[in-house]
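Structure record follows, encoded as C-alpha coordinates.
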Amino acid sequence: MKELKIGRNDAGQRLDRFLAKAVPLLPASLAQKYIRIKRIKRNNARVNRDDRLLEGDVLQLYINDEFFDEMREDNAYLTVATPKLNIVYEDEHILLVDKRPGLAVHPHDGAEYGKTLIDHIQAYLYAKREWRPREENSFTPALCNRIDRNTGGIVIAAKTAEALRVMNQKIKDREMDKRYLAIVEGSPQPKIGVLKGYLFKDAAKNRVYVYDTPQKGAKSCETRYEVLQSRNGLSLVECELITGRTHQIRAQFAHAGHPLLGDGKYGKLDKRFDRKYQALYSYKITFRFTTDAGALEYLNGKKFSVAKVDFKDEYFPD
(Lines give C-alpha, C1' and ligand atoms only; values in the text may rest on other atoms or scores of the structure.)
Protein backbone atom coordinates (compact mmCIF):
# COMPACT_ATOMS: atom_id res chain seq x y z
CA MET A 1 0.00 0.00 0.00
CA LYS A 2 1.22 3.50 -0.84
CA GLU A 3 -0.03 6.82 0.44
CA LEU A 4 -0.10 10.07 -1.48
CA LYS A 5 -0.65 13.35 0.36
CA ILE A 6 -2.46 16.07 -1.57
CA GLY A 7 -0.63 19.39 -1.56
CA ARG A 8 -1.77 22.85 -2.56
CA ASN A 9 -1.00 22.39 -6.27
CA ASP A 10 -2.95 19.12 -6.49
CA ALA A 11 -5.99 20.32 -4.57
CA GLY A 12 -9.21 20.90 -6.50
CA GLN A 13 -8.66 18.11 -9.01
CA ARG A 14 -11.06 15.23 -9.53
CA LEU A 15 -9.71 12.00 -8.11
CA ASP A 16 -9.71 10.14 -11.44
CA ARG A 17 -7.87 12.94 -13.24
CA PHE A 18 -5.30 13.20 -10.46
CA LEU A 19 -4.66 9.45 -10.62
CA ALA A 20 -4.16 9.60 -14.39
CA LYS A 21 -1.25 12.01 -13.83
CA ALA A 22 0.11 10.64 -10.56
CA VAL A 23 -0.03 6.95 -11.57
CA PRO A 24 0.14 6.99 -15.42
CA LEU A 25 0.68 3.25 -15.70
CA LEU A 26 -2.70 2.56 -14.07
CA PRO A 27 -5.39 2.29 -16.80
CA ALA A 28 -8.44 4.50 -16.25
CA SER A 29 -10.81 1.53 -16.30
CA LEU A 30 -8.72 -0.30 -13.69
CA ALA A 31 -8.53 2.83 -11.53
CA GLN A 32 -12.32 3.07 -11.60
CA LYS A 33 -12.58 -0.57 -10.59
CA TYR A 34 -10.16 -0.08 -7.71
CA ILE A 35 -12.12 2.97 -6.52
CA ARG A 36 -15.34 0.94 -6.66
CA ILE A 37 -13.96 -2.00 -4.66
CA LYS A 38 -12.24 0.35 -2.18
CA ARG A 39 -8.64 -0.44 -3.10
CA ILE A 40 -8.28 3.31 -3.51
CA LYS A 41 -9.45 5.36 -0.53
CA ARG A 42 -9.28 8.94 0.73
CA ASN A 43 -8.47 9.43 4.40
CA ASN A 44 -9.19 5.70 4.90
CA ALA A 45 -12.76 6.17 3.70
CA ARG A 46 -14.64 5.40 0.51
CA VAL A 47 -14.23 7.95 -2.27
CA ASN A 48 -15.83 8.52 -5.67
CA ARG A 49 -13.91 9.03 -8.89
CA ASP A 50 -15.38 12.53 -9.44
CA ASP A 51 -14.78 13.76 -5.88
CA ARG A 52 -12.61 16.87 -5.67
CA LEU A 53 -9.41 16.49 -3.67
CA LEU A 54 -8.62 18.86 -0.81
CA GLU A 55 -5.27 20.05 0.43
CA GLY A 56 -4.17 17.70 3.21
CA ASP A 57 -6.14 14.71 1.94
CA VAL A 58 -4.25 11.40 2.06
CA LEU A 59 -4.96 8.77 -0.56
CA GLN A 60 -4.45 5.11 0.30
CA LEU A 61 -3.62 3.09 -2.82
CA TYR A 62 -3.79 -0.69 -2.44
CA ILE A 63 -2.34 -1.51 -5.84
CA ASN A 64 0.73 -3.38 -7.06
CA ASP A 65 4.08 -1.64 -6.76
CA GLU A 66 4.84 -1.90 -10.49
CA PHE A 67 2.10 0.63 -11.27
CA PHE A 68 4.20 3.30 -9.55
CA ASP A 69 7.17 2.91 -11.90
CA GLU A 70 7.91 5.40 -14.66
CA MET A 71 6.46 4.45 -18.03
CA ARG A 72 8.96 2.60 -20.23
CA GLU A 73 8.80 0.18 -23.12
CA ASP A 74 9.25 -2.78 -20.77
CA ASN A 75 6.30 -1.93 -18.54
CA ALA A 76 3.85 -0.50 -21.09
CA TYR A 77 1.74 -3.65 -20.70
CA LEU A 78 0.49 -2.25 -17.39
CA THR A 79 -1.52 0.38 -19.28
CA VAL A 80 -3.58 -2.36 -20.98
CA ALA A 81 -6.59 -2.92 -18.75
CA THR A 82 -8.37 -5.40 -21.02
CA PRO A 83 -6.04 -7.36 -23.32
CA LYS A 84 -7.52 -8.04 -26.75
CA LEU A 85 -6.10 -11.17 -28.34
CA ASN A 86 -7.37 -13.61 -30.93
CA ILE A 87 -5.69 -16.74 -29.62
CA VAL A 88 -5.11 -19.56 -32.11
CA TYR A 89 -3.34 -21.88 -29.66
CA GLU A 90 -1.91 -21.73 -26.16
CA ASP A 91 -0.06 -24.02 -23.78
CA GLU A 92 2.41 -23.59 -20.92
CA HIS A 93 5.26 -22.67 -23.26
CA ILE A 94 3.91 -20.77 -26.26
CA LEU A 95 1.05 -18.62 -27.43
CA LEU A 96 -0.05 -18.33 -31.07
CA VAL A 97 -1.97 -15.14 -31.76
CA ASP A 98 -3.82 -14.04 -34.90
CA LYS A 99 -2.63 -10.43 -35.28
CA ARG A 100 -5.04 -8.11 -37.03
CA PRO A 101 -3.80 -5.81 -39.82
CA GLY A 102 -2.97 -2.31 -38.58
CA LEU A 103 -1.62 -3.46 -35.21
CA ALA A 104 2.11 -2.99 -34.63
CA VAL A 105 3.93 -5.84 -32.92
CA HIS A 106 6.46 -3.60 -31.10
CA PRO A 107 6.63 0.09 -30.06
CA HIS A 108 9.55 0.79 -32.41
CA ASP A 109 7.18 0.12 -35.33
CA GLY A 110 5.73 3.57 -34.71
CA ALA A 111 3.06 2.65 -32.17
CA GLU A 112 2.55 4.22 -28.76
CA TYR A 113 3.42 2.36 -25.58
CA GLY A 114 0.55 0.12 -24.51
CA LYS A 115 -0.86 -0.18 -28.03
CA THR A 116 1.16 -3.02 -29.53
CA LEU A 117 0.70 -6.76 -29.79
CA ILE A 118 3.47 -7.54 -27.30
CA ASP A 119 1.87 -5.14 -24.78
CA HIS A 120 -1.42 -7.02 -25.03
CA ILE A 121 0.29 -10.41 -24.75
CA GLN A 122 2.28 -9.39 -21.68
CA ALA A 123 -0.83 -7.82 -20.10
CA TYR A 124 -2.74 -11.05 -20.75
CA LEU A 125 -0.09 -13.23 -19.10
CA TYR A 126 0.30 -10.75 -16.22
CA ALA A 127 -3.45 -10.79 -15.58
CA LYS A 128 -3.42 -14.61 -15.54
CA ARG A 129 -0.49 -14.50 -13.10
CA GLU A 130 1.50 -16.75 -15.42
CA TRP A 131 4.10 -14.01 -15.63
CA ARG A 132 5.20 -12.21 -12.47
CA PRO A 133 7.73 -9.53 -13.50
CA ARG A 134 8.85 -8.79 -9.95
CA GLU A 135 9.85 -12.43 -9.50
CA GLU A 136 11.84 -12.67 -12.74
CA ASN A 137 15.50 -11.75 -12.93
CA SER A 138 15.66 -11.28 -16.67
CA PHE A 139 12.97 -13.13 -18.65
CA THR A 140 10.10 -11.28 -20.30
CA PRO A 141 7.51 -12.92 -22.58
CA ALA A 142 8.61 -12.11 -26.11
CA LEU A 143 7.69 -12.57 -29.75
CA CYS A 144 9.57 -15.17 -31.77
CA ASN A 145 8.54 -13.83 -35.18
CA ARG A 146 7.29 -10.54 -36.54
CA ILE A 147 4.69 -9.51 -39.09
CA ASP A 148 4.48 -6.11 -40.77
CA ARG A 149 2.09 -3.67 -39.13
CA ASN A 150 -0.37 -3.76 -42.05
CA THR A 151 -0.16 -7.52 -42.57
CA GLY A 152 -2.23 -9.94 -40.50
CA GLY A 153 -1.57 -13.45 -39.33
CA ILE A 154 -0.03 -15.82 -36.82
CA VAL A 155 2.59 -14.51 -34.42
CA ILE A 156 4.39 -16.83 -32.02
CA ALA A 157 5.01 -15.65 -28.45
CA ALA A 158 7.22 -17.48 -25.96
CA LYS A 159 5.96 -17.76 -22.38
CA THR A 160 9.19 -19.30 -21.04
CA ALA A 161 12.88 -18.69 -21.57
CA GLU A 162 13.42 -22.19 -22.98
CA ALA A 163 10.55 -21.78 -25.42
CA LEU A 164 12.05 -18.50 -26.63
CA ARG A 165 15.48 -20.03 -27.12
CA VAL A 166 14.21 -23.14 -28.91
CA MET A 167 11.67 -21.36 -31.10
CA ASN A 168 14.15 -18.68 -32.19
CA GLN A 169 16.58 -21.40 -33.24
CA LYS A 170 13.88 -23.34 -35.11
CA ILE A 171 12.88 -20.22 -37.00
CA LYS A 172 16.52 -19.48 -37.82
CA ASP A 173 17.03 -23.05 -39.04
CA ARG A 174 13.75 -22.90 -41.02
CA GLU A 175 12.28 -25.91 -39.24
CA MET A 176 8.74 -24.71 -39.74
CA ASP A 177 6.48 -24.17 -42.72
CA LYS A 178 4.73 -20.79 -42.87
CA ARG A 179 2.12 -20.14 -45.54
CA TYR A 180 0.63 -16.84 -46.61
CA LEU A 181 -2.51 -15.98 -48.52
CA ALA A 182 -2.39 -12.97 -50.81
CA ILE A 183 -4.53 -11.39 -53.48
CA VAL A 184 -2.56 -10.04 -56.42
CA GLU A 185 -3.53 -8.11 -59.49
CA GLY A 186 -3.69 -10.14 -62.70
CA SER A 187 -2.94 -13.85 -63.02
CA PRO A 188 0.67 -14.93 -62.41
CA GLN A 189 2.09 -17.45 -64.88
CA PRO A 190 2.78 -20.25 -64.46
CA LYS A 191 0.04 -21.07 -61.94
CA ILE A 192 2.60 -22.80 -59.73
CA GLY A 193 6.07 -21.32 -59.66
CA VAL A 194 8.95 -19.68 -57.84
CA LEU A 195 9.86 -16.00 -57.77
CA LYS A 196 13.60 -15.47 -57.55
CA GLY A 197 15.63 -12.29 -57.33
CA TYR A 198 17.85 -10.07 -55.24
CA LEU A 199 16.41 -7.76 -52.62
CA PHE A 200 18.03 -4.56 -51.40
CA LYS A 201 16.71 -2.95 -48.20
CA ASP A 202 16.75 0.83 -47.85
CA ALA A 203 16.28 1.18 -44.09
CA ALA A 204 16.01 4.97 -44.24
CA LYS A 205 12.99 4.78 -46.54
CA ASN A 206 11.59 1.56 -45.00
CA ARG A 207 11.40 0.16 -48.49
CA VAL A 208 13.01 -2.66 -50.46
CA TYR A 209 13.96 -3.04 -54.12
CA VAL A 210 14.05 -6.26 -56.12
CA TYR A 211 16.52 -6.90 -58.94
CA ASP A 212 16.90 -9.78 -61.39
CA THR A 213 20.69 -9.83 -61.11
CA PRO A 214 23.05 -9.58 -58.11
CA GLN A 215 23.57 -6.05 -56.78
CA LYS A 216 25.86 -4.61 -54.12
CA GLY A 217 24.16 -4.93 -50.73
CA ALA A 218 21.27 -7.00 -52.09
CA LYS A 219 20.42 -10.47 -50.76
CA SER A 220 18.86 -13.35 -52.65
CA CYS A 221 15.12 -13.77 -52.21
CA GLU A 222 12.89 -16.68 -53.17
CA THR A 223 9.15 -17.24 -52.85
CA ARG A 224 7.16 -20.29 -53.92
CA TYR A 225 3.58 -19.61 -54.94
CA GLU A 226 0.44 -21.30 -56.22
CA VAL A 227 -2.51 -19.52 -57.80
CA LEU A 228 -5.60 -20.95 -56.11
CA GLN A 229 -8.30 -18.94 -57.93
CA SER A 230 -8.56 -16.08 -60.43
CA ARG A 231 -11.54 -13.79 -60.84
CA ASN A 232 -12.31 -10.21 -61.94
CA GLY A 233 -8.71 -9.38 -62.68
CA LEU A 234 -7.47 -10.66 -59.31
CA SER A 235 -5.85 -13.89 -58.14
CA LEU A 236 -5.85 -15.61 -54.76
CA VAL A 237 -2.33 -16.92 -54.18
CA GLU A 238 -0.76 -19.11 -51.53
CA CYS A 239 2.88 -18.25 -50.82
CA GLU A 240 5.73 -20.00 -49.06
CA LEU A 241 8.80 -18.04 -48.08
CA ILE A 242 12.03 -19.84 -48.94
CA THR A 243 14.00 -16.84 -47.72
CA GLY A 244 12.62 -14.39 -45.16
CA ARG A 245 13.44 -10.87 -46.30
CA THR A 246 11.68 -7.64 -45.37
CA HIS A 247 8.53 -7.05 -47.48
CA GLN A 248 9.62 -9.98 -49.64
CA ILE A 249 6.21 -11.18 -50.91
CA ARG A 250 4.96 -7.65 -51.56
CA ALA A 251 8.08 -6.52 -53.40
CA GLN A 252 8.59 -9.69 -55.44
CA PHE A 253 5.04 -9.84 -56.77
CA ALA A 254 5.13 -6.13 -57.60
CA HIS A 255 8.42 -6.66 -59.43
CA ALA A 256 6.79 -9.52 -61.36
CA GLY A 257 3.96 -7.21 -62.47
CA HIS A 258 1.38 -8.50 -59.98
CA PRO A 259 1.30 -6.11 -56.99
CA LEU A 260 -0.77 -7.06 -53.99
CA LEU A 261 -4.26 -5.65 -53.75
CA GLY A 262 -4.27 -2.60 -51.45
CA ASP A 263 -0.48 -2.21 -51.41
CA GLY A 264 0.20 1.47 -52.00
CA LYS A 265 3.91 1.17 -51.25
CA TYR A 266 4.87 -1.35 -53.94
CA GLY A 267 1.88 -1.07 -56.24
CA LYS A 268 -0.74 1.43 -57.33
CA LEU A 269 -3.99 1.48 -55.39
CA ASP A 270 -6.90 0.30 -57.55
CA LYS A 271 -9.85 2.66 -57.03
CA ARG A 272 -12.26 -0.19 -57.75
CA PHE A 273 -11.36 -1.75 -54.42
CA ASP A 274 -11.53 0.08 -51.12
CA ARG A 275 -8.83 -1.47 -48.94
CA LYS A 276 -6.87 0.08 -46.07
CA TYR A 277 -4.20 -2.62 -45.98
CA GLN A 278 -2.45 -4.93 -48.41
CA ALA A 279 -4.19 -8.27 -48.92
CA LEU A 280 -1.56 -10.44 -47.26
CA TYR A 281 -2.06 -12.86 -44.36
CA SER A 282 0.20 -15.35 -42.60
CA TYR A 283 -2.59 -17.86 -42.22
CA LYS A 284 -0.99 -21.25 -41.55
CA ILE A 285 2.04 -22.63 -39.74
CA THR A 286 3.34 -26.19 -39.43
CA PHE A 287 6.16 -27.19 -37.08
CA ARG A 288 8.60 -29.54 -38.82
CA PHE A 289 11.50 -30.06 -36.47
CA THR A 290 14.46 -31.99 -37.83
CA THR A 291 16.60 -31.57 -34.72
CA ASP A 292 15.91 -31.85 -30.99
CA ALA A 293 13.33 -29.34 -29.78
CA GLY A 294 13.69 -29.92 -26.05
CA ALA A 295 10.55 -28.93 -24.15
CA LEU A 296 8.81 -28.09 -27.45
CA GLU A 297 9.22 -31.52 -29.06
CA TYR A 298 5.49 -32.18 -28.63
CA LEU A 299 4.80 -29.50 -31.27
CA ASN A 300 6.60 -31.41 -34.02
CA GLY A 301 4.22 -32.11 -36.90
CA LYS A 302 1.42 -29.95 -35.52
CA LYS A 303 -0.36 -27.53 -37.85
CA PHE A 304 -2.23 -24.36 -36.90
CA SER A 305 -4.25 -21.95 -39.01
CA VAL A 306 -6.38 -18.86 -38.49
CA ALA A 307 -10.15 -19.23 -38.48
CA LYS A 308 -10.80 -16.54 -41.08
CA VAL A 309 -9.03 -14.35 -43.61
CA ASP A 310 -11.28 -11.39 -44.34
CA PHE A 311 -10.13 -10.57 -47.85
CA LYS A 312 -10.46 -14.19 -49.00
CA ASP A 313 -14.08 -14.26 -47.86
CA GLU A 314 -14.71 -10.91 -49.51
CA TYR A 315 -13.14 -11.49 -52.91
CA PHE A 316 -13.04 -15.29 -53.20
CA PRO A 317 -15.90 -16.75 -51.16
CA ASP A 318 -16.16 -20.52 -51.30
Side-chain angles (χ1 to χ4, degrees), residues 99-102 104 109-110 145-154 174 177-285 305-306 308-318:
K99 184 192 83 69
R100 69 180 186 274
D109 291 329
N145 66 315
R146 295 181 59 183
I147 293 180
D148 291 343
R149 182 173 190 155
N150 292 335
T151 298
I154 298 176
R174 307 197 64 79
D177 182 327
K178 291 189 292 183
R179 299 297 173 104
Y180 290 75
L181 281 181
I183 293 181
V184 304
E185 296 182 12
S187 181
Q189 298 295 330
K191 298 294 185 183
I192 299 176
V194 180
L195 298 177
K196 295 182 178 181
Y198 298 87
L199 185 147
F200 174 79
K201 180 179 179 180
D202 187 333
K205 296 181 179 179
N206 189 31
R207 184 184 179 93
V208 303
Y209 300 88
V210 175
Y211 302 94
D212 295 322
T213 58
Q215 303 288 323
K216 183 178 179 180
K219 297 181 179 180
S220 63
C221 56
E222 189 171 345
T223 303
R224 290 197 188 106
Y225 72 88
E226 178 179 358
V227 177
L228 304 178
Q229 299 182 56
S230 294
R231 183 185 305 159
N232 300 323
L234 301 173
S235 293
L236 178 66
V237 181
E238 183 184 66
C239 306
E240 178 189 1
L241 293 176
I242 306 305
T243 57
R245 312 299 183 199
T246 300
H247 298 175
Q248 177 175 314
I249 293 174
R250 298 166 62 189
Q252 281 200 288
F253 273 100
H255 182 71
H258 302 285
L260 269 62
L261 179 65
D263 191 350
K265 182 184 287 280
Y266 296 105
K268 185 177 180 180
L269 294 176
D270 192 325
K271 294 182 180 179
R272 295 176 300 164
F273 307 102
D274 182 20
R275 286 200 60 79
K276 293 177 61 177
Y277 310 116
Q278 63 264 10
L280 180 63
Y281 221 93
S282 177
Y283 83 110
K284 184 167 61 176
I285 187 169
S305 60
V306 300
K308 180 180 181 180
V309 177
D310 65 340
F311 58 75
K312 176 184 181 298
D313 294 340
E314 181 178 354
Y315 298 101
F316 292 92
D318 292 331

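Computation of the quantities below employed the complete heavy-atom set of this structure, encompassing side-chain atoms and omitting hydrogens, waters and symmetry-equivalent molecules. Because the structure is predicted, anything quoted here is derived from the model rather than measured.
- In this structure, the side chain of Asp263 engages the main chain of Lys265 through a donor-acceptor pair within 3.5 Å.
- To the nearest 0.5 Å, atom CZ of residue Phe311 and atom CD of residue Gln278 are 9.5 Å apart.
- We find the CZ-OG1 distance between Arg146 and Thr151 to be 12.0 Å, quoted to the nearest 0.5 Å.
- Under the side-chain hydrogen bond (donor to acceptor under 3.5 Å, both in side chains) criterion, Arg207 pairs with no residue at all, not counting sequence neighbours.
- Minimum heavy-atom separation, Ala279 to Leu260: O-CD2, 3.8 Å.
- Atom CG of residue Leu236 and atom CZ of residue Arg231 lie 9.0 Å apart, to the nearest 0.5 angstrom.
- Between Thr246 and Leu199, the closest heavy-atom pair is O-CD1, 3.6 Å.
- Heavy-atom minimum distance, Ile154 versus Ser305: CD1-CA, 4.1 Å.
- Checked by atom type and distance alone, the side chain of Thr223 never pairs as donor or acceptor with a backbone atom of Leu195 at under 3.5 Å.
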Indicate every side-chain donor-acceptor pair of residues 208-220 with a distance under 3.5 Å to a residue at least two apart or in another chain.
unit_1	atom_1	unit_2	atom_2	d
Asp212	OD1	His255	NE2	2.9
Thr213	OG1	Gln215	NE2	3.2

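- Looking at Tyr225 and His258, their side chains never come closer than 4.5 Å, going by heavy atoms from C-beta outward.
- Pairing each heavy atom of Glu222 with each of Gln248, the nearest pair is O-NE2, 2.8 Å.
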Would you please test Tyr315 and Arg275 for side-chain contact (heavy atoms from CB on, under 4.5 Å) and show each step?
CA-CA 12 Å; Tyr315 298 101; Arg275 286 200 60 79; 3.4 Å; yes
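- Side-chain atoms of Glu238 do not come within 3.5 Å of backbone N or O of Arg179 as any donor-acceptor pair.
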Pair Phe316, Leu234 - check side-chain contact (heavy atoms from CB on, under 4.5 Å), show working.
CA-CA 9 Å; Phe316 292 92; Leu234 301 173; 4.2 Å; yes
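- Nearest heavy atom pair, residue Arg245 against residue Cys221, reads CG-CB, 4.0 Å.
- The main-chain N or O of Ile242 is never found under 3.5 Å from a side-chain atom of Arg224 such that the two would form a donor-acceptor pair.
- Note that OG of Ser235 and CD of Gln229 are 9.5 Å apart. Values are rounded to the nearest 0.5 Å.
- Of all the heavy atoms in Lys99 and Gly102, the pair that sits closest is NZ-N, 4.3 Å.
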Output a table of donor-acceptor pairs, distance under 3.5 Å, between side-chain atoms of residues 180-193 and any protein atom two or more places apart or on a different chain; print 'none' if there are none.
unit_1	atom_1	unit_2	atom_2	d
Ser187	OG	Lys191	NZ	2.6

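- Atom NE2 of residue His247 and atom CG of residue Leu280 lie 10.0 Å apart, to the nearest 0.5 angstrom.
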